[in-house]
Structure formats: structure tokens, C-alpha cells
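We use all heavy atoms of the structure for the numbers below, so side chains are in, but hydrogens, waters and symmetry mates are not.
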Amino acid sequence: MTMILTPFAKLILWFYEITGSYAIALVLFGLVVRMILFPVFLKGRKSMLAMSGLAEKQKVLQQKYMRDRQRYSIELQKLYEEEGVKPSGGCLWSFLPMPFLMLLYLVIRRPLTYLMGMSEDMFNSVSNLLYGEVLDYKNQQLQMAQDVFLNHDRITSAVPELSDMPMIDFSFLGANLSSTPHFMFWKQEDLLPAFVLFMIPVVSAVLNIVTTRVSTSVNAKITGASRTMDQNTKMTMFMMPLFSLWICFTLPAALGIYWIANSVFAILQEYMNIPFLRKHQKKLEEDKVKRREEEKERVKQEKKAQAEAKKKAAEEMRRIQMERKVNKSLAAASRVGMRTYARGRSYDPDRYPSYPYREIAEIVQEQEAQRERMMAEKAAGKGKKDAAMPPPPAAPADPAPVDTAPAEEEAIPAPLTTQELEAQALENIQAEQEEE
């Protein structure tokens with residue numbers, strides 16, 4: 001920690017050597033810190049500027065969703081996303097001086113160590129010389145700081161090692177800045193120094209309020225909106241003065257001087273930020289217009305895609321209807337009973353011809369009739385042949401006996417069995433299909 005605090009102490013001591021005033025040295029230290037953090041503070045102000053531009057819209061949402069806090073939070077977050085605003089951006093940067101305030105407090109709390117270079121042994125010798133007792137080296141340096149200045153010659157003569165010790169006057173307007181202000185200052189013995197110490201926290205709190213007002217005024221001047229405050233700005237306006245009062249009434253008055261200087265520089269910085277904030281506001285407007293154009297283009301593309309999808313769906317429906325009209329005859333052909341497309345949508349009666357069902361008995365009767373018809377035709381043909389033949393020649397006398405037997409009749413085919421008839425019927429059907 002000493003490595004971090006030593007540069008701060010050297011800077012304050014250098015300012016004191018130049019000005020000869022401990023209060024002015026603290027003011028200049030605050031100025032240096034403000035200049036170093038200027039880019040960071042400017043970034044925070046840009047975030048606060050963006051938030052202030054949404055104050056009226058936020059108020060409208062608050063009135064609209066007064067009874068539905070969850071819906072209000074959702075809509076408010078949606079508004080932040082649409083506007084590209086981070087609600088915590090401005091508040092976080094306003095607390096950035098706190099680390100420097102804490103580091104400065106450590107330096108101010110132990111001025112004999114960090115400003116005057118007094119070791120613990122030297123401190124014990126000086127405290128024993130001034131008060132006849134040894135004070136706490138870590139916690140009681142503020143009580144002895146101004147007394148060391150007033151008794152510098154006596155101390156350097158008693159402790160030669162402190163001959164090069166710098167002489168630092170911690171007084172300001174008669175008040176000791178190493179002491180802590182009292183709220184009931186009228187009860188103190190020295191009324192004027194106590195009143196000066198009392199006014200340091202009061203002035204610090206008032207300047208915090210003025211800083212917030214100036215910031216709101218600058219926002220209104222840049223954005224052209226009314227001087228309304230959003231929720232974060234109102235919270236900052238009430239919290240920072242209270243915090244300033246608590247800091248300045250509980251810590252050494254030197255920190256109050258630093259806090260006052262920080263507020264004054266913040267007010268001046270608000271007016272210095274106007275050109276930068278106007279440029280940033282112009283960029284915000286351009287980005288807003290760009291986002292609106294992109295949103296319009298996105299909506300246009302979505303509508304176009306929806307129209308194309310609708311067109312494709314209509315074309316597909318027309319195609320299906322045309323197929324239904326073309327396949328209407330096929331639907332009728334494929335119907336079995338009440339079931340449309342029972343044989344399938346691609347059923348084609350011409351491709352796969354069907355034949356009427358015939359009973360086996362009917363096929364057998366047809367085969368028997370055909371056989372009888374063939375037998376009758378053969379019998380009729382034989383009778384005609386016998387009538388056309390000439391009579392035989394006369395036999396010679398006493399012919400030798402010849403054994404003659406009547407000619408055998410033509411063989412009549414035996415009737416077919418049922419299995420043979422079914423096989424023959426199937427062969428006839430296949431032959432007809434091949435001929436077709």
C-alpha cells in the first residue's frame with residue numbers, strides 16, 4: 001500500500017510547497033484527478049445523456065403499466081434495447097472518484113508518515129516530547145499534526161533526524177483541517193473555527209445538489225427536452241448529498257475540502273462537455289435513424305418472404321387441384337364401394353386390365369358343351385363320307401373265308417377333371433392376354 005500512497009503524498013506535498021496552503025494543495029490534487037479521469041467521466045455523461053432523453057418515454061410507460069410492475073420492467077428493458085442505452089452506465093461513473101477519495105483519506109489520516117516522513121520511533125519521541133505520553137502511531141497522527149507544525153523548532157532541536165522534515169500548516173481560515181467537524185458547532189470552545197469546519201460538509205452537500213441540477217440543465221439544452229429527471233438521476237440527486245454529509249462529518253475536514261473541489265470541477269466540466277455531448281447526441285440521432293431504417297428493411301424483407309411463401313402455397317394448392325381434376329376419372333376407376341382411391345391414386349385400369357369373375361362350374365359346363373359339339377361335328381362328317389363311297393365289287397364264287405371284324409370307332413376323349421379344366425381356363429386367359 002505504501003507504494004501506491006507515496007505518489008499521492010508526494011504530489012500533495014509538491015502542491016503545498018508551491019502554494020503554501022494545505023487546502024489549496026488538496027484542491028489542486030482534486031483538479032489533477034479530475035483531469036486524469038476526464039475521458040472516463042465524459043463516457044459516463046454520455047450514458048446519462050442517453051438516459052435523460054428517455055425520461056419522458058419512461059414516464060409514459062410508468063403511467064401505462066402502473067398496476068403491472070412486471071410488464072413495466074419488460075417494456076422498459078425493451079425500450080433500453082431499442083434505444084441502445086445502458087441504464088447503469090451513468091450511475092457507475094459517478095462513483096468513480098470514490099477510490100481516489102479512499103486513497104486520499106489514507107494519506108490525510110497519517111500525514112506525519114506520508115507527508116513528513118516520520119517513522120514510528122520518531123513519532124514516539126515527538127509525542128512524548130509534546131504530550132508526555134506516547135500516542136498511537138497509526139490512529140492518532142491527526143491529533144498531533146498541527147501541533148508538530150506549531151512546535152517545529154522545538155521538535156527539530158530535540159530530534160535532529162527531523163531537521164529536514166517539511167513544515168505543513170493544516171489550518172484553513174483558522175480551522176484545523178486535520179480535525180473532524182462537529183454537527184453542534186456552537187458547543188465548541190472556539191466558535192469560529194468550529195463554524196468553519198461545520199460549513200465544509202454543508203457546502204459540499206449543496207454543491208452536490210447544484211452539480212445534479214447543472215447536469216440536468218445541460219441535458220435539456222442538448223436534447224431539447226424538458227428538464228425532467230429519470231429515476232436514476234433523482235436517486236443520485238438525493239443520495240450523493242447525503243453521502244457527502246456523512247463523509248464530511250465523520251472524516252477529517254481535509255477530505256471535505258477535496259469533496260468541495262471535486263464538485264466545483266464537476267460543474268465546470270459539465271459546461272466543458274457541451275461540445276462533446278452535442279456531437280454525441282448527433283451521433284445518437286443518426287444511429288436511431290439508422291436503426292429505424294434497418295427495422296423497416298427487416299419488416300419489409302419479412303413481409304416479402306411471407307408473400308413468397310403464400311404464393312408458393314397457392315401454387316402448390318393449384319397444382320394439387322389440377323392433379324385432382326386430372327385424376328378424377330382415375331379416382332372413379334379406383335373406387336371400391338364407398339372407398340375412393342381404394343386401389344390407390346395411381347390406379348390405371350388400362351394398364352392392368354381386369355376380367356369378370358366366372359364360376360368354375362360355369363367353365364366346366366362350357367367345356368363339356370364344347371366337347372359335345374365337337375363330337376357331333378365329327379359324327380356328322382363320318383355319315384357324309386359313307387354315303388359318298390361306291391358300292392363294293394361282287395365277291396368271287398366260293399371265296400375263301402376271310403375273317404373280317406367291324407372297324408373300330410374313333411376314340412372319344414374321356415371327360416376332363418376339375419383340376420384340368422381350371423388349368424385349361426387359366427391357359428386360355430393367359431393366351432387372350434398375350435394376344436391383346
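- The structure places CG of L115 at 9.5 Å from NZ of K10, a figure rounded to the nearest 0.5 Å.
- Rounding to the nearest 0.5 Å places OG of S244 at 9.5 Å from CZ of F249.
- Side-chain contact between V214 and Y271: present, with at least one pair of heavy atoms (C-beta onward) separated by less than 4.5 Å.
- I108 has its side chain within reach of L26: a pair of non-hydrogen atoms, C-beta onward, lies under 4.5 Å apart.
- Scanning both residues, I257 and A23, for their nearest heavy atoms gives CG2-O, 3.8 Å.
- The closest side-chain donor-acceptor pair between S171 and D169 falls under 3.5 angstrom.
- The residues E286 and K283 are annotated as not salt-bridged, no charged nitrogen and carboxylate oxygen being separated by less than 4.0 angstrom.
- In this structure, the ring of F29 has its center less than 6.0 angstrom from the ring center of F8.
- Between the side chains of Q301 and E297, at least one donor N or O sits under 3.5 Å from an acceptor N or O.
- Atom CE of M272 sits in a sparse spot, with 12 or fewer heavy atoms from other residues, nucleotides or ligands closer than 6.0 Å.
- Summarising the geometry of I24 relative to T19, their closest heavy-atom pair is CG2-CG2, 3.7 Å, with the distance given to 0.1 Å.
- Using a 4.0 Å cut-off between charged nitrogen and carboxylate oxygen, E302 and R298 count as a salt-bridge pair.
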